[in-house]
2 protein chains.
Amino acid sequence: MSGVRLLLADDEHLIRGALAALLALEDDLVVVAEAATGPEALAMARAHRPDVAVLDLEMPGADGVKVATSLRAELPECRVLIVTSHGRPGHLKRALEAGVRGFVPKTVSAQRLAEIIRTVHAGNRYVDPELAADAISAGDSPLTPREAEVLELAADGAPVAEIAERAALSQGTVRNYLSSAVSKLGAENRHAAVRLARLRGWV
Amino acid sequence: MSGVRLLLADDEHLIRGALAALLALEDDLVVVAEAATGPEALAMARAHRPDVAVLDLEMPGADGVKVATSLRAELPECRVLIVTSHGRPGHLKRALEAGVRGFVPKTVSAQRLAEIIRTVHAGNRYVDPELAADAISAGDSPLTPREAEVLELAADGAPVAEIAERAALSQGTVRNYLSSAVSKLGAENRHAAVRLARLRGWV
DNA sequence: ACGGGCGTCTGACATTTGTCATGTGCGGTG
DNA sequence: CACCGCACATGACAAATGTCAGACGCCCGT
């Protein structure tokens, strides 16, 4: 056999290149494509049909989870492994729901990553234990869909009037959602709530 | 001669390791130390006295610029090169003020980085042209020291009362600074102002 | 040395937000 | 069917925030 065929997607050349070089050292792994953005990753995957896609979570265009979702639909054979710098609990959950087979922080070593790639390729799942623990202890988002939506619109500091308009809701309703989101998150005000929700990957 | 002695500091094992491997391929470069945090980088530098320190801008403990400042004082011989994912204009300015000799985004290739390391080692400076252009077009911060200070305290969504206490100012004064910062930045409110200032590296 | 500009600071007032009580309708579950 | 939780909405009051006019001191240039 000719080895596991890999797609590497990360917006940072330096890292992608370095990673490609390191993984190429393992003689059962071969990098067949690289991409710097979400859409590019998708295009590359279609063109090269890799066995495993190693995706950065934060990329311009479409984040790793979105790419994974599309990939799941188009190339069900292709296993997806997500690599990330900032391990937000909510992201892990979303990723698993999108059919991602592996989720690891960038703090692992290259050897370890190679092993994990093999694990994932063999059809098993791998989730970093620490991230998993965080995700479990953080639990699910307590926010209702609407609360999350409104909170997201509030993320850039927009006034209530604007949020109301963009969400097609009355201002009173917006304040209500904001208020309940704030109390559910135990925040001081909506801006702190946005920060918290971001931190936990709930928005 | 035995090559340029390097210190590599980045909190992401994967990247640091990969980078070390790639740079080691260049036969005039040798990685003599690695670190995952700011303080660790400092300790490593003291112990190994590298010729060039390649520092990630965002690290736990102390950021690249702080480390560079300390390094400047303790090991003036050691050139500092900063590598970053998110190129905020203000950071570049702060870095140069701290005596940093090079500033590049992680989007460069490893070959390019190796060249830049040589450039810096030879005593020259190197700043990524795009980041430099951004920095120039963004210009200096229009904020007075107090405005910046107060804005920073407002960053996590704290109420005015708390900011006032932490800054030892009256609430009215705090509102004033916030207000003038907001208008200088052309923002809708202080939270949007915080976002903008962050974006431009002014806080 | 003097006046102007700027950074600093304050309290009062207008506006925006947050909170609360309350009500309607809808959809799923026991 | 009855119930419960959620989405959606209103109005009123309390609290936080934004805005304004003004005061003081410092430094810089004339």
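Worth knowing before you read on, the calculation uses all heavy atoms, side chains too, and leaves out hydrogens, waters and symmetry mates. Naming: A, B, ... by sequence-line order, numbering from 1 per chain.
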Quick one: ring pair (Phe, Tyr, Trp, His ring centres under 6.0 Å) pairs with a partner in residues 103-124 of chain B, sequence neighbours left out? none
Whether over 12 other heavy atoms sit under 6.0 Å from A:R5 CZ: yes
Around atom CD of A:Q171, are there more than 12 heavy atoms from other residues, nucleotides or ligands closer than 6.0 Å? yes
Sugar-phosphate, base or nothing in reach of [X], heavy atoms under 4.0 Å:
X      : result
B:R175 : base
B:L169 : sugar-phosphate
A:T173 : base

Those residues of residues 179-189 of chain A lying under 4.0 Å from DNA chain D by at least one heavy atom: none
With sequence neighbours left out, which residue pairs that include part of [range] fulfil the side chain to side chain donor-acceptor pair (under 3.5 Å) condition?
range                       : answer
residues 186-198 of chain A : A:H191-B:H191
residues 87-97 of chain A   : A:K93-A:E97
residues 36-47 of chain A   : A:R46-A:E74
residues 157-166 of chain B : none

Quick check: do [X] and [Y] have side-chain heavy atoms less than 4.5 Å from each other?
X      : Y      : value
A:D28  : A:R118 : yes
A:L6   : A:V4   : yes
B:D51  : B:C78  : no
A:V100 : A:L81  : no

Would you kindly compare A:G172 and A:Y177 by the position of their nearest DNA chain D nucleotide and give the one closer to the 5′ end? A:Y177
Could you give the start and end, 5' to 3', of the contact zone on DNA chain D for chain B, using atoms under 4.0 Å from its heavy atoms? D:dT17 to D:dA21
Does any residue of residues 149-165 of chain A have a heavy atom under 4.0 Å from DNA chain C, and if so, which ones, in number order? A:P159, A:V160
Not counting sequence neighbours, list each pair that qualifies as a salt bridge (Lys or Arg N to Asp or Glu O under 4.0 Å) and has a residue in residues 169-179 of chain A. none
Check every nucleotide of DNA chain C for an atom under 4.0 Å from a heavy-atom of chain B, then give the first and the last such nucleotide from 5' to 3'. C:dG7 to C:dA12
As a check on the pairing definition, encode DNA chain D in dot-bracket form, counting Watson-Crick and G-U wobble pairs whose two distances are under 3.5 Å, and using | for partners outside this strand. ||||||||||||||||||||||||||||||
Just distance, no hydrogens or angles: give the donor-acceptor pairs under 3.5 Å from side chains in residues 107-115 of chain B, sequence neighbours left out.
from: B:S109; atom 1: OG; to: B:R112; atom 2: N; distance (Å): 3.2
from: B:R112; atom 1: NH1; to: B:E115; atom 2: OE1; distance (Å): 3.0

Regarding B:S183 and B:S180, is there a side-chain donor-to-acceptor distance under 3.5 Å anywhere? no
Presence of salt bridge, A:D10 and B:K106, under 4.0 angstrom: no
